[in-house]
Protein chains: 2
Amino acid sequence: MRMDELDSGACSIARAVELVGDRWVVLVLRDLFNGVRRFDALRDHLGISRDVLTKRLADLVAAGLVERRGYRDEGSRERHEYVLTPAGRDLRTVLTALMDYGDTHLAGPEGAPMSVRHRDCGAEVHAHLVCDAGHDLQSQDRTTVVPLAGARVR
Amino acid sequence: MRMDELDSGACSIARAVELVGDRWVVLVLRDLFNGVRRFDALRDHLGISRDVLTKRLADLVAAGLVERRGYRDEGSRERHEYVLTPAGRDLRTVLTALMDYGDTHLAGPEGAPMSVRHRDCGAEVHAHLVCDAGHDLQSQDRTTVVPLAGARVR
DNA sequence: ACGCTGGGTCCGGATATCGGACTCAGGTAC
DNA sequence: GTACCTGAGTCCGATATCCGGACCCAGCGT
């Protein structure tokens with residue numbers, strides 16, 4: 001079966017990219033992973049317009065990736081902050097894969113700007129392709145794609 | 001050091017998302033991985049407008065992820081097809097991570113639509129977070145992020 | 001009473017997207 | 001030779017989105 005006979009929309013990549021297929025969404029998620037939680041902190045750091053940030057955060061909340069949570073610094077009234085939900089945190093593999101790609105192909109002469117470390121052992125963390133039998137496929141191309149029940153023929 | 005003191009643009013995720021932070025780019029790459037190579041086949045399968053497809057393909061070629069290659073079916077004049085370069089193929093980890101995310105969080109009741117298999121052993125392939133000491137971090141959150149030489153303070 | 005601050009909304013111009021019509025070149029059919 | 005088909009685009013006008021900037025609003029401190 002040729003892949004172009006299957007419905008492009010009934011594909012997990014298509015569904016996932018519906019959520020995160022946007023520059024700002026990815027950068028907002030990155031900052032949320034890094035502990036930047038407040039509207040104006042995000043706005044300052046990313047240089048995104050307030051308008052768009054409002055919309056992106058609302059979309060992320062609606063999609064269940066982010067939770068809007070009240071907090072109160074003493075001597076201030078209540079404010080909001082944005083924190084990743086477990087579903088949002090599951091995107092870490094995607095962000096790490098993007099980061100690995102940028103490190104390898106797009107870094108300047110100074111090399112990679114950041115390193116993700118395993119908190120327990122200090123070693124660098126990367127996204128790898130691994131098969132369920134335990135083979136690491138990094139940088140090889142030994143894969144085939146087969147349709148399953150959720151696929152739809154056009 | 002707080003992460004929001006570092007330049008958001010000097011980040012491998014920001015650089016990578018400059019290339020692939022677009023719905024159509026990701027879907028075009030997916031189809032190229034799956035062997036859909038010709039302009040009109042991509043257009044039909046994705047339902048993208050010709051205009052936008054032309055531009056996305058040109059951007060991908062300019063970025064070195066895709067090569068535009070002449071070919072000739074017998075009895076036709078020369079045509080073009082688009083094939084991934086090695087740099088483009090390195091995005092497989094990103095696409096697999098997106099697919100895993102979609103399979104886990106966005107699949108319908110029929111389950112996942114596709115499965116990527118290791119050609120040598122037939123087992124399913126997934127993107128995992130793995131540290132250089134060999135620990136698999138899947139679904140844990142035991143990471144810290146540290147700035148390196150390529151980071152820029154704002 | 002007044003201003004400051006976090007977290008927005010509103011607005012107008014610039015950009016991008018979409019679907020559809022038009023183009024162009026080489027090959028086949030007559 | 002002429003008409004037509006096909007793959008691969010370009011052009012166009014209407015809509016949608018993005019961006020920067022101005023404006024708003026609710027409490028708290030003074």
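Each chain gets a letter, A, B and so on, in the order the sequences are listed, and its residues count up from 1.
Bounding nucleotides for the chain B contact on DNA chain D, 5' to 3', at a heavy-atom distance below 4.0 Å, are D/dT6 to D/dC12.
For the pair A/Glu78 CD and C/dT5 C1', the computed distance is 16 Å after rounding to whole Å. Protein atom NE2 of B/His80 is 12 Å distant from nucleotide atom P of C/dG26, rounded to whole Å. Taking atom OH of residue A/Tyr71 and atom C1' of nucleotide C/dT5, one finds them 10 Å apart after rounding to whole Å. Separating the CH2 atom of A/Trp24 from the P atom of C/dA16 is a distance of 14 Å, rounded to the nearest angstrom.
Residue A/Leu95 is tested with A/Asp100, A/Leu29, A/Val116 for a side-chain contact (heavy atoms from CB on, under 4.5 Å); the sole match is A/Leu29.
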Q) Should A/Leu91 and A/Val94 be marked as a side chain to side chain contact (heavy atoms under 4.5 Å, CB included) after you check the CA-CA gap, both sets of side-chain angles, and the distance that decides it? A) CA-CA 5 Å; A/Leu91 283 165; A/Val94 175; 3.9 Å; yes

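The shortest side-chain heavy-atom distance between A/Val83 and A/Arg37 falls under the 4.5 Å cut-off.
Across all non-hydrogen atoms, the minimal contact from B/Phe33 to B/Arg89 is CZ-O, 3.5 Å. Considering all non-hydrogen atoms of both residues, A/His118 and B/Arg142 come closest at CD2-O, 3.3 Å. The two residues B/Asp4 and A/His45 make their nearest non-hydrogen contact at O-CD2, 3.6 Å.
Of the residues in residues 37-52 of chain B, B/Ser49, B/Arg50, B/Asp51, B/Val52 come within less than 4.0 Å of DNA chain C through at least one heavy atom, sorted by number.
For the 3.5 Å distance criterion, the side chains of A/Arg117 and A/Ser115 qualify, holding a donor opposite an acceptor.
When heavy atoms are screened at a 4.0 angstrom cut-off, B/Arg23 is found touching no nucleic acid atom at all. Using a 4.0 Å heavy-atom criterion, one finds that B/Arg68 contacts the sugar-phosphate atoms exclusively.
Using a cutoff of 4.0 Å between basic side-chain nitrogens and carboxylate oxygens, B/Lys55 and B/Asp59 are scored as salt-bridged.
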Which pairs would a plain distance check flag for residues 8-17 of chain B, meaning a side-chain donor or acceptor within less than 3.5 Å of a matching protein atom at least two apart in sequence or in another chain?
{"unit_1": "B/Ser8", "atom_1": "OG", "unit_2": "A/Arg30", "atom_2": "NH2", "d": "2.7"}
{"unit_1": "B/Ser12", "atom_1": "OG", "unit_2": "A/Asp103", "atom_2": "N", "d": "3.3"}
{"unit_1": "B/Ser12", "atom_1": "OG", "unit_2": "A/Asp103", "atom_2": "OD1", "d": "2.4"}

Side-chain polar contacts of residues 62-70 of chain B - donor-acceptor pairs under 3.5 angstrom, sequence neighbours left out - could you list them?
{"unit_1": "B/Glu67", "atom_1": "OE1", "unit_2": "B/Arg69", "atom_2": "NH2", "d": "3.4"}
{"unit_1": "B/Arg68", "atom_1": "NE", "unit_2": "B/Tyr82", "atom_2": "OH", "d": "3.2"}
{"unit_1": "B/Arg68", "atom_1": "NH1", "unit_2": "B/His80", "atom_2": "NE2", "d": "3.4"}
{"unit_1": "B/Arg68", "atom_1": "NH2", "unit_2": "B/His80", "atom_2": "ND1", "d": "3.4"}

Q. What dot-bracket string describes DNA chain D from 5' to 3', counting Watson-Crick and G-U wobble pairs whose defining distances are under 3.5 Å, with [ ] for crossing pairs and | for pairs to another strand?
A. ||||||||||||||||||||||||||||||

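With sequence neighbours left out, the salt bridge (charged side-chain N to carboxylate O under 4.0 Å, His left out) criterion links B/Arg119 to no other residue.
When each of A/Lys55 and A/Arg72 is assigned the nucleotide of DNA chain D bearing its nearest heavy atom, the one mapping closer to the 5' terminus is A/Lys55.
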